[in-house]
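Here's the structure we're looking at; comments come further down.
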Amino acid sequence: MLAKCLIINVLRLIIVILFFIAFLNITYLARHTFATEICLTQGVPIESVSKMLGHTNIQTTQIYARVVDRKLSHDMAILEQKLQNKGKRTIAIVNP
């Protein structure tokens, strides 16, 4: 009878540990998604994201800040558009 109770308690402990590990993974995933997909890809400065996540060192936030291809492509398109617009500017001559 005692052995059966011990086995049940050990199984309960294993289940609690597994749930705790799953919880840690879910919270990590949520923080990572918030930092990359919601903030950084929308142009929020990394310093602001670092503060929102409660990091004291910006290098910790840089782990989350892997460049997302979508964001990189978008930024390059904006740069290309700015460079094209800069070349199209005309100088207006005003007669005094």
Side-chain angles (χ1 to χ4, degrees):
M1 184 68 174
L2 180 61
K4 186 176 180 181
C5 288
L6 289 175
I7 291 172
I8 290 172
N9 285 339
V10 169
L11 290 175
R12 284 183 186 160
L13 179 63
I14 291 171
I15 290 171
V16 168
I17 291 170
L18 291 175
F19 276 123
F20 183 71
I21 292 170
F23 174 76
L24 292 177
N25 285 335
I26 290 169
T27 54
Y28 170 79
L29 182 63
R31 287 172 59 86
H32 183 76
T33 301
F34 172 76
T36 56
E37 297 297 323
I38 296 172
C39 293
L40 295 174
T41 58
Q42 298 302 316
V44 177
I46 192 166
E47 296 84 3
S48 298
V49 175
S50 180
K51 190 77 167 174
M52 284 185 256
L53 294 174
H55 295 159
T56 55
N57 188 341
I58 197 149
Q59 290 175 341
T60 306
T61 310
Q62 289 173 340
I63 294 169
Y64 291 92
R66 303 287 181 242
V67 178
V68 179
D69 290 338
R70 248 181 317 156
K71 175 69 174 152
L72 182 60
S73 297
H74 176 71
D75 290 345
M76 291 305 295
I78 290 173
L79 175 62
E80 182 181 12
Q81 186 178 25
K82 285 181 180 180
L83 291 174
Q84 287 175 353
N85 289 341
K86 187 175 183 179
K88 292 181 182 178
R89 289 185 184 162
T90 58
I91 300 173
I93 300 174
V94 179
N95 290 331

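You'll find the side chain of Leu29 stays beyond 4.5 Å of the side chain of Ile26, heavy atoms only. Contact of the Lys82 side chain with the Asn85 side chain is not registered, since no non-hydrogen atoms from C-beta on lie closer than 4.5 Å. Counting only heavy atoms from C-beta outward, the side chains of Ile7 and Leu11 approach each other to under 4.5 Å. Inter-residue side-chain proximity for Ile14 and Leu18 is flagged as met; some heavy-atom pair is nearer than 4.5 Å.
Here Glu80 contributes atom CD and Ile78 contributes atom CD1; the two are 11.5 Å apart, rounded to the nearest 0.5 Å. Atom OG1 of residue Thr61 and atom CE of residue Met52 lie 10.0 Å apart, to the nearest 0.5 angstrom. Put simply, OG1 on Thr36 and CD on Gln42 are 11.0 Å apart, with the number rounded to the nearest 0.5 Å. Atoms NZ and OG1, from Lys51 and Thr56 in turn, are 10.0 Å apart once rounded to the nearest 0.5 Å. Taking CG from Leu40 and CZ from Phe34, the interatomic distance works out to 9.5 Å, rounded to the nearest 0.5 Å. Between atom CD1 of residue Ile46 and atom CD of residue Gln59 there is a gap of 10.5 Å, rounded to the nearest 0.5 Å.
Here Leu79 pairs with Met76, Leu83 under the side chain to side chain contact (heavy atoms under 4.5 Å, CB included) rule; sequence neighbours left out.
Under a 4.5 Å side-chain heavy-atom criterion applied to ILVMFWY residues, the cluster that includes Ile8 comprises that residue alone.
The two atoms that bring Cys39 and Val49 nearest to each other are CB-CG2, 3.5 Å, heavy atoms only. When all heavy atoms are compared, the tightest approach of Arg31 to Leu53 is NH2-O, 3.1 Å. In terms of heavy-atom proximity, Asn57 sits nearest to Ser50 at O-OG, 4.3 Å.
With hydrogens and angles ignored, the 3.5 Å screen pairs a side-chain donor or acceptor of Thr27 with a backbone N or O of Leu24.
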